S.K.: 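Structure in structure tokens, see below.
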Amino acid sequence: MIDIKRRTPRFNVKFTLHSNDMQGTGVNLSQNGLGFLTNEEIIPAEAIPFDAEIKGFIFSTATYRIKGTARILYSRPTRYGEGLYYNGLEFIDLDPESRQNLFDLLTDIHSFSRNDMENLRSKTLADFVYYPSGDVFSKAEIFYGAMSRLVEQKYEMFSYYLNSTSRSTSTLRSRVTGKEKEMIMMGSNNYLGLTDHPDVKQAGIEALKTFGTGNGSGAMVGGTMIIHKQLEEELADFIGKEAVMLFNSGYSANIGAISGLMRPGDAIINDQYNHASINDGGLLSGARTLYFSHNSTKGLERVLRRAKLTYNGKMIVIDGVYSTDGSLAPLPEIVALAKRYQCRIMVDEAHGLGILGERGIGASEYFDCLDDVDMILGTLSKSLGSVGGFVAANREVIEYLRVYSRSYLFSTGFPPATAATVRAALSVMRSDNSLREQLEENIACFRKGLLERNLPTNESPSAIVPLFIPDMDTMLEFSSMLFEKGLFHNVMAYPAVPMGGSLLRFGIMATHTRDELDRALDILESVAKTVRL
Ligand SMILES: Cc1ncc(COP(=O)(O)O)c(C=O)c1O
């Protein structure tokens with residue numbers, strides 16, 4: 001998903017990889033790495049000698065030489081043109097002179113960027129991560145200026161507060177004008193609509209009255225209430241694993257499980273699209289994270305082959321359903337590879353739980369792989385309508401993680417009323433299939449509607465439906481027209497999706513009516529005509 005015509009500053013990077021003697025065009029650069037296009041596929045490697053000459057950036061004619069070792073994160077064909085590959089490269093080690101050259105180059109870029117900060121349209125969020133200044137607040141100042149200008153131009157992607165339950169048509173208040181309006185809600189992960197279910201709300205009220213507002217202390221030192229324990233047992237029974245432990249959020253569960261289990265010398269083998277919390281858990285663990293191209297079992301096997309003798313423990317970590325575009329992981333193939341290379345496997349079911357499989361456990365159940373997946377991660381914040389996360393695995397692993405997951409041990413758990421709402425939501429989910437059936441029907445109807453209108457989406461049974469937009473400008477225009485016409489949605493731009501590509505993400509709910517789905521499709525069709533998608 002790279003946009004060749006992207007107007008963001010581009011770099012003419014003439015680079016030489018000692019192993020391949022390749023040339024290409026740079027598309028992004030930071031102190032951490034470089035994205036670039038090549039005519040040949042580059043084999044992902046852990047540490048390759050890297051020698052780049054970066055020439056003639058924008059107005060400058062200077063040449064910057066950067067030398068050191070780098071890792072190819074991924075290399076995959078672009079959608080545009082035959083034989084063109086998009087590569088992600090991470091610097092591992094640069095010699096001191098190269099570091100200085102890189103710093104000079106980035107200073108050059110940013111001095112240009114600062115003048116060019118009139119609006120965010122020529123930028124991505126990644127452009128504000130580094131800013132060469134002794135004052136660590138400087139980058140916030142330029143970012144704030146750019147965001148404010150974007151809002152002035154009526155691009156309102158982060159500009160609404162919810163002022164009702166997150167229901168199929170919700171009340172949203174504009175941060176800019178303070179005005180409220182009803183919008184069809186397609187920016188929610190409340191897939192089964194359980195945030196507003198009477199039994200779920202009542203359970204929360206009762207628990208609040210009985211147990212009060214909080215736990216008083218951390219989970220291992222007196223802060224686990226019986227109601228938390230009951231929820232753990234019910235979740236373990238539902239998932240079909242020996243034990244479950246609760247975390248404050250799905251984010252915290254990923255951080256805790258991965259950093260609690262993986263150690264320096266181990267390898268975490270990640271799909272490039274994995275959720276940020278998986279990457280962050282890897283960083284915290286000190287283990288090496290190796291990436292493979294999204295859903296590429298060939299890429300995964302290459303990484304596994306290389307990792308076999310180099311690393312101590314190995315674990316593949318994937319999302320069952322990818323949170324940006326709703327694609328499913330090819331789990332049967334991944335499980336077979338995990339077995340062949342004697343590697344553990346963890347699946348993040350944040351967006352599969354409550355939706356996929358016969359009982360609604362997620363992609364692992366949908367593909368009949370539950371027993372082969374060693375560890376399941378779930379959130380309580382999406383289909384279960386509340387907040388929190390959990391990890392399910394065998395008893396030994398869970399009891400080990402209770403002590404070695406720092407986000408569990410050193411943080412107070414969510415309140416008893418939350419445990420009560422999740423228990424009630426789980427009970428509704430397990431006893432009444434009609435919500436899931438309705439959701440399935442709604443997903444199929446919405447996807448079919450997009451395809452009938454020639455709007456670019458993908459095939460997937462997931463409740464996340466993407467609309468692919470070729471570039472940032474079109475996306476901003478498209479998105480702001482949707483908000484104006486009353487269709488609330490999520491905007492996914494770089495770095496949430498690969499450079500240049502953008503997508504709008506629509507979350508389907510069981511409680512969407514046929515009329516709401518039809519109106520949403522009509523709005524999408526009319527906006528697509530206006531912006532000539
Ligand atoms: C795949 C995935 N994992 C984990 C999380 C984190 O979950 P939570 O929002 O409950 O912290 C998310 C949330 O968006 C997600 O999409």
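Ligands are counted one by one from 1 in listed order, and the atoms in each one are counted from 1 as well. Just so we're clear, the structure is a prediction, and the values are computed from it rather than from any experiment.
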S.K.: Any idea how Phe483 and Phe488 line up, ring-wise: parallel (<30°), tilted (30 to 60°), or perpendicular (>60°)?
M.R.: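 Taking Phe488 first and then Phe483, their aromatic rings sit tilted (interplane angle of 30° to 60°).
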S.K.: Heavy atom to atom 3 (N) of ligand 1, shortest distance: which of Asn254, Leu384, Asp348, Val321 holds it?
M.R.: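 Nearest heavy atom to atom 3 (N) of ligand 1 lies in Asp348.
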S.K.: Between Asp237 and Arg430, is the closest basic N to carboxylate O distance under 4.0 Å?
M.R.: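 Looking at Asp237 together with Arg430, the answer is yes, because their closest N to O distance falls below 4.0 Å.
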S.K.: Could you list which atoms of ligand 1 come closer than 4.0 Å to a heavy atom of Thr379?
M.R.: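 Per the distance check, 7 (O), 10 (O).
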S.K.: I'd like to check which ligand 1 atoms, numbered from 1 as shown, lie under 4.0 Å from a non-hydrogen atom of Ser277.
M.R.: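 Answer, ordered by atom number: 4 (C).
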S.K.: What about Ser381: any of its N or O atoms under 3.5 Å from an N or O on ligand 1?
M.R.: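 Yes, since at least one N or O of Ser381 sits under 3.5 Å from an N or O of ligand 1.
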S.K.: If you count the atoms of ligand 1 from 1 in the order shown, which ones are under 4.0 Å from a heavy atom of Ser249?
M.R.: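 Within the 4.0 Å cut-off of Ser249, ligand 1 contributes 11 (O).
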S.K.: Is Glu399 salt-bridged to Arg402, cutoff N-O under 4.0 Å?
M.R.: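 Result for this pair is yes, salt bridge flagged.
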S.K.: Quick one: does Gly389 get a heavy atom under 4.0 Å from ligand 1?
M.R.: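 So Gly389 does not count as touching ligand 1.
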S.K.: Check this for me: does any side-chain nitrogen of one of Arg505 and Asp325 sit under 4.0 Å from a carboxylate oxygen of the other?
M.R.: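 Salt bridge: no.
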S.K.: Just need the protein heavy atom nearest to atom 15 (C) of ligand 1, so name the residue and atom and give the distance.
M.R.: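 The closest heavy atom on the protein side is His275 CD2, 3.2 Å.
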S.K.: Identify the residue among Val465, Leu504, Leu517, Leu482 that makes a side-chain contact (heavy atoms from CB on, under 4.5 Å) with Met186.
M.R.: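 So the option named by the test is Leu517.
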S.K.: Side chain or backbone, does Lys382 bring an N or O within less than 3.5 Å of an N or O on ligand 1?
M.R.: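 Yes: some nitrogen or oxygen of Lys382 is under 3.5 Å from one in ligand 1.
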S.K.: Specify the protein heavy atom at minimum distance from atom 8 (P) of ligand 1: its residue, its atom name, and the distance to 0.1 Å.
M.R.: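 Checking every protein heavy atom, the shortest distance to atom 8 (P) of ligand 1 gives Gly250 N, 3.5 Å.
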S.K.: Show the nearest heavy-atom pair for residues Ser427 and Ser431, with the distance to one decimal.
M.R.: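 Of all heavy-atom pairs spanning Ser427 and Ser431, the closest is O-OG, 2.7 Å.
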S.K.: For the pair Glu232 (side chain) and Ala243 (backbone), establish whether a donor and an acceptor sit closer than 3.5 Å, ignoring hydrogens and angles.
M.R.: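 No; judged by distance alone, with no hydrogens or angles, the pair does not exist.
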S.K.: Output the list of atoms in ligand 1 that are nearer than 4.0 Å to some heavy atom of Ala350, sorted by atom number.
M.R.: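 Numbered from 1, ligand 1 contributes 1 (C), 2 (C), 3 (N), 15 (C).
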S.K.: Considering heavy atoms of the protein only, find what lies nearest to atom 16 (O) of ligand 1 and give residue, atom and distance to 0.1 Å.
M.R.: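 Atom 16 (O) of ligand 1 sits closest to the protein heavy atom His351 NE2, 2.6 Å.
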S.K.: Got an N/O contact under 3.5 Å between Tyr251 and ligand 1?
M.R.: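 So ligand 1 has an N or O lying under 3.5 Å from an N or O of Tyr251.
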S.K.: Within a distance under 4.0 Å of any heavy atom of Ser323, pick out the atoms of ligand 1 and give their elements.
M.R.: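 By the 4.0 Å cutoff, the relevant atoms are 16 (O).
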S.K.: Describe, in one word, how the ring planes of Tyr251 and His275 are oriented to each other, choosing from parallel (under 30°), tilted (30 to 60°) and perpendicular (over 60°).
M.R.: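 Rings of Tyr251 and His275: perpendicular, as their planes differ by over 60°.
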S.K.: In terms of ring plane angle, is the pair Phe414 and His228 parallel, tilted or perpendicular, where the classes change at 30° and 60°?
M.R.: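 Tilted, since the angle between the ring planes falls between 30° and 60°.
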